[in-house]
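Bear in mind the structure is a predicted one, so any value in this text is a computation, not a measurement. Heavy atoms only: backbone and side chains are in, while hydrogens, waters and symmetry mates are out.
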Amino acid sequence: MGCFFSKKSKRKSSEKEDRTPTTTTVETTTTSNAVPLGNNTDEAPKQYSWDKREKVDPKDYMLTGLKDVTVGRLQGKLNGQQFVIQECENCNIYVFDHSATITIDDCVNCRIVLGPVKGSVFFRDCKDIKCVVACQQFRTRDCKKMEVFLCCATQPIIESSTGMKFGCFQYFYPELAFHFKDAGLSIFNNNWSNIHDFTPVSGENNWSLLPENSAVLDSVPVPDPESEFKSVRISTEPGRSIVPLTRGGRRKDSEESCLFVFFAGEYTTANARKLIDEATSKGFMLIQTKEVSMRPEDVKRVFQSNAEDLVEWIGKGPVIALELNGDGVVEACKNIANEVFSGTKVFVSDNKNTSSRDVDSFFNFADMQMGL
């Protein structure tokens with residue numbers, strides 16, 4: 001048995017010394033075409049996929065220490081990456097692209113527009129902020145005096161924050177619908193008014209809803225015509241907003257509501273928007289919307305006696321449901337269904353005596369499905 005300090009074998013050493021690098025050849029059918037093997041110094045270095053990636057400059061994905069300027073990112077500049085905004089003062093900031101997550105830290109007196117965010121938007125230690133935001137998750141910590149026009153797929157959360165005011169998302173630019181899709185967000189899943197306060201104070205309200213007639217332009221201006229964003233066609237008119245304008249948690253004008261559900265088809269989104277236009281033009285209010293997938297057992301639980309005729313349709317994709325409110329809304333929606341959507345599979349509350357139960361049954365299911 002040998003040990004680490006044992007004497008070297010002279011035989012093995014001499015054999016090692018006699019070895020010199022050689023070039024081995026493989027004979028082909030013609031000996032003159034011998035192919036050399038071994039050390040070929042002309043061989044190109046191997047390329048790996050990560051060697052071919054475009055180099056990323058972190059500065060392209062952050063805005064830091066800016067004051068009194070109009071800045072941001074145009075379409076294609078973020079393309080689903082993370083983004084950071086920090087230590088900015090009195091700035092107008094526009095992000096006309098979709099992103100993974102966005103954090104905003106230590107900003108004061110800024111106006112901010114954020115295109116759809118696949119994950120979270122997190123404001124920390126910010127003050128006097130007015131913004132338009134679309135995201136999967138929205139959260140603030142140690143913030144003061146914010147106005148937020150929000151589209152959020154989950155329940156918005158505030159923590160150690162005061163003077164927070166929320167309104168429904170109202171914004172349009174030409175690529176916005178595609179950015180929602182790229183971020184995996186539905187324009188119909190918006191919980192903007194369902195705020196959870198992690199740190200409530202007895203006898204005080206840390207948050208409230210903006211007045212119903214609040215206009216985005218009163219809080220967040222369009223970009224300066226001399227800025228790099230001058231070519232972006234923007235509208236803040238509620239009728240042009242990609243996200244439907246809903247009343248959310250505000251008090252309803254009428255005790256009569258109607259559930260209207262579109263089952264998956266080629267034009268489901270367009271049909272839902274058409275219904276909103278038809279109903280609101282008649283003076284009815286859109287309270288809430290949801291887009292969710294359903295299983296056969298869900299259909300039976302939600303639609304009960306009407307389930308048998310609907311089960312076969314859920315396999316084609318998610319359903320889009322809307323709650324409309326106003327005196328006479330049930331009869332009006334039944335007429336719209338017959339006149340406008342006669343060739344489309346829909347569910348409409350049958351009478352005003354059971355319509356509230358329809359609404360509660362569906363939206364309670366949808367909230368549980370989405371973990372709200």
Item to check | N/O donor-acceptor pair under 3.5 Å between Ser361 side chain and Arg357 backbone | outcome: no
Using the ring of each side chain (for Trp, its six-membered ring), is Phe263 parallel, tilted or perpendicular to Phe303, with breaks at 30° and 60°?
tilted
Establish, yes or no, whether a centroid distance under 6.0 Å links the rings of Phe347 and Phe362. no
Checklist entry - With distance as the sole test, does Ser161 use its side chain to make a donor-acceptor pair with the main-chain N or O of Glu159 at under 3.5 Å? => result yes
### Message
Can you tell me how the ring of Tyr171 sits relative to the ring of Phe96, calling it parallel under 30°, perpendicular over 60° and tilted otherwise?
### Response
parallel
Between Thr154 and Asn191, the two heavy atoms sitting closest are O-CB, 3.6 Å
Inset, instruction - Go through the steps to decide whether Asp309 and Lys345 satisfy the test salt bridge (Lys or Arg N to Asp or Glu O under 4.0 Å), and finish with yes or no. - result: CA-CA 10 Å; Asp309 187 41; Lys345 191 61 180 177; 2.5 Å; yes
Notebook entry, point to check: Does atom CD of Glu297 have more than 12 heavy-atom neighbours, drawn from other residues, nucleotides or ligands, at distances under 6.0 Å?
Noted result: yes
CG of Asp182 to NE2 of His98, rounded to nearest 0.5 Å, is 4.0 Å
Pair Lys130 + Asp218, salt bridge at N-O below 4.0 Å
no
Should we count CG of Asn205 as having more than 12 external heavy atoms under 6.0 Å?
no
I'd like to know if the side chain of Ser355 and the backbone of Lys352 have a donor-acceptor N/O pair within less than 3.5 Å. yes
Exercise: do Asn325 and Ser254 side chains pair donor with acceptor under 3.5 Å: no
query = Between Phe260 and Phe341, what is the ring plane arrangement, given parallel below 30°, perpendicular above 60°, and tilted in between?
reply = perpendicular
- Message: Check whether Ser120 reaches the backbone of Gln137 with its side chain - one donor and one acceptor, N or O, closer than 3.5 Å.
- Response: no
The residue among Asn92, Asp128, Thr70 that forms side-chain hydrogen bond (donor to acceptor under 3.5 Å, both in side chains) with Arg111 is Asn92
Distance col, row Phe149:CZ vs Phe169:CZ, nearest 0.5 angstrom, shows 11.0 Å
Electrostatic pair Asp298:Arg301 at N-O distance under 4.0 angstrom: yes
* Asked: Can Cys131 and Met146 be said to form a side chain to side chain contact (heavy atoms under 4.5 Å, CB included), step by step?
  -> CA-CA 8 Å; Cys131 56; Met146 289 183 60; 4.2 Å; yes
